[in-house]
Amino acid sequence: MADLKRTALIAQVLPDIRAIDKVFDYVVPESMAPEVRVGTMVRIRLAGRRVGGWVVGLSDTSAAGERKLEPIAKVTGWGPPADLIDLAGWAAWRWAGRRSTFLATASPPGAVRGLPPGRPSPAPQPGGLSVVRMPPATDPYDLVAETAGRGPTLVLAPSADQAVRLAVRLRGDGQAVALASRDWARAAAGGVTVVGSRAAAWAPLPDLSAVVALDVHDEAYTEERTPSWNGWRVAAERARRAGVPCLLTSPCPPIELQDVETVALSRTEERAGWPVVDVVDRRRDDPRTGLYSERLVQRLRSGGRTVCVLNRKGRAKLLACAACGALARCERCGAAVEQTEEGLRCRQCLLVRPVLCAACGSQKLKTLRAGVTRVREELEALAGVPVAEITGDTKEPVPEAPVVVGTEAVLHRVPAPVDTVAFLDFDQELLAPRFRATEQALALIVRAARLVGGRSGGGRVLIQTRLPKHEVVEAALHADPARIWPVERERRAALRFPPYAALAVVSGDAAPAFVAALPGTVDALGPDDGRWLVRAPSTKPLCDALAATPRPSGGRLRIEVDPVRL
DNA sequence: CGGACAAGCTGA
DNA sequence: CAGCTTGTCCGG
């Protein structure tokens, strides 16, 4: 006699709770069976309370043994498709995170009960990873439009507003486009190109035909919170798994991509896409001219719109007594003091004291290292025109002043076009104690180049430096970003930094126990300020080691794989 | 995460 | 030894 009792369908559910990275089995009631697929979002009872979760697997047997299983309480709606459930598993390994973090990013912003009709799409053409080196002033739109024209493409841009602009242009050209994550259901239905920023790497796209990620040198692709995943790397892995082409564009591709097949324009075309660079060698200048070379003053007075960049906020970051020459330091801890509205403030312990020399009592101090606020006052006097100030903290809209001075934020805030961008103290960028300083410095010039445009438009980038032969300066001057690589390769190899090693920073109160339990395949350096640097020869052994090490229960543990800075 | 339960600390 | 805090474990 046939067994009348049909085997029940069992769903493996990953709860949407940060701290739980474990799947639980639930019975799928027959009424729900048609709606439950891998990726479906459900509500379940777990330890007595109702929580959300994702179906990450379906089977007809349970690992829970003889125990009677709870049924799924409710089907919430559509969730990340099966390929993204797998990708979340990979990302959890790659960035030492939890699957739920990635699935949350891959999920729709609200419950999706049904999908609109999808559109048919052509069969994708196979392809691999390539880098397109596209100079700053070249518009990548044609590349995007052409790729999207061949089939549903995942298009990533570093910022949300660039993504919106791209989506609008593509739509204007009659292409079917979904903007992540707003148009989640339309993307999930298929047949459309999806455009978005970092998180769009997790957008549903059932019939992916290609990936394009613009400006992959941009650090905005890296999530600041842990897990510190990177959008273009996720998208590239997706393309790899789907066997479709992945195009990464950048005027200055990161050194990690040095071995990837690269498409570059001809020398003439690439040069045309970079602005004229004025290198102002300040080695012979009178130190009393401070941050203002003769050539800078000429540009300021020339009447064009000028943006000056100085990555130091405030009035003065380093002062000395004008009378006796002593450095102004904190009387409590000895650290350098900076000038603020209230007086001299210690940069370490924040103790405030009046503006006078601790050594001789003189009230006359001179600025050794000026900040943006002071520079604004001085530029106004020098140029004889109104000068506005912008830093990361500035909330107001960008003022109309002919000259604007600010920290790096000014390059994000001031709209193009601008006639000149001047880096007042570029050595600060070149010599920054960060292992990516060279690439970051070149990326700053790229930002500046976007504001002034290519060389035919007459835009100029003025670089004040005492290192006029530095490879970054040469790269910008010759519009040849690969010039930074030979030096950078040697430096990175000697110091065992990426791409010649893979790094992770481990911190938090559970860090000591975690680091102690790491296998011998990785080295751990530290602690330095409560942080350990974990290093392996490459990504795989690093991530394998991090994944194989149990996380101490209780206590916070922060693991930042591929740290942007150390 | 949050509840359950166990092991340690305090107080009369 | 009750009553409470603190820590560890585990959920289907």
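Fair warning: this is a prediction, and the values are worked out from it, not measured in the lab. Residue numbering restarts at 1 for every chain, and letters A, B, ... go by the order of the sequence lines.
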Rounded interatomic separation in angstrom, taking CG from A:L46 and C1' from B:dC1: 9 Å

Minimum heavy-atom distance between A:P15 and A:L46, given as atom pair plus value: CG-CD2, 3.9 Å

Which of residues 9-22 of chain A have a heavy atom under 4.0 Å from DNA chain C? A:I20, A:K22

Tell me the interatomic distance from A:F24, atom CZ, to B:dG2, atom C1', rounded to whole angstroms. 12 Å

To the nearest angstrom, the CD1-C1' distance between A:I44 and C:dC10 comes to 14 Å

Under 4.5 Å between any side-chain heavy atoms of A:I255 and A:E439, yes or no? yes

Taking the six-membered ring for Trp and the single ring otherwise, decide whether the centroids of A:W202 and A:W184 are under 6.0 Å apart. no

A:L103 and side chain to side chain contact (heavy atoms under 4.5 Å, CB included): which partner among A:L84, A:V56, A:D16? A:V56

Could you check how far CH2 of A:W54 sits from C1' of C:dG12, rounded to whole Å? 18 Å

What residues form a side-chain contact (heavy atoms from CB on, under 4.5 Å) with A:E219, not counting sequence neighbours? A:Q440, A:V564, A:R565

Rounded distance (Å) that lies between atom P of C:dG12 and atom CG of A:L69: 9 Å

Return the value, rounded to whole Å, for the distance between atom CZ of A:R49 and atom C1' of B:dG3. 8 Å

Rounded to whole angstroms, how far apart are CZ on A:R50 and C1' on B:dC1? 17 Å

Which residue pairs satisfy the side chain to side chain donor-acceptor pair (under 3.5 Å) criterion with at least one member in residues 208-217 of chain A, sequence neighbours excluded? A:D215-A:R450, A:H217-A:S250

Can you measure A:R45 atom CZ to B:dG3 atom P for me and round it to whole angstrom units? 14 Å

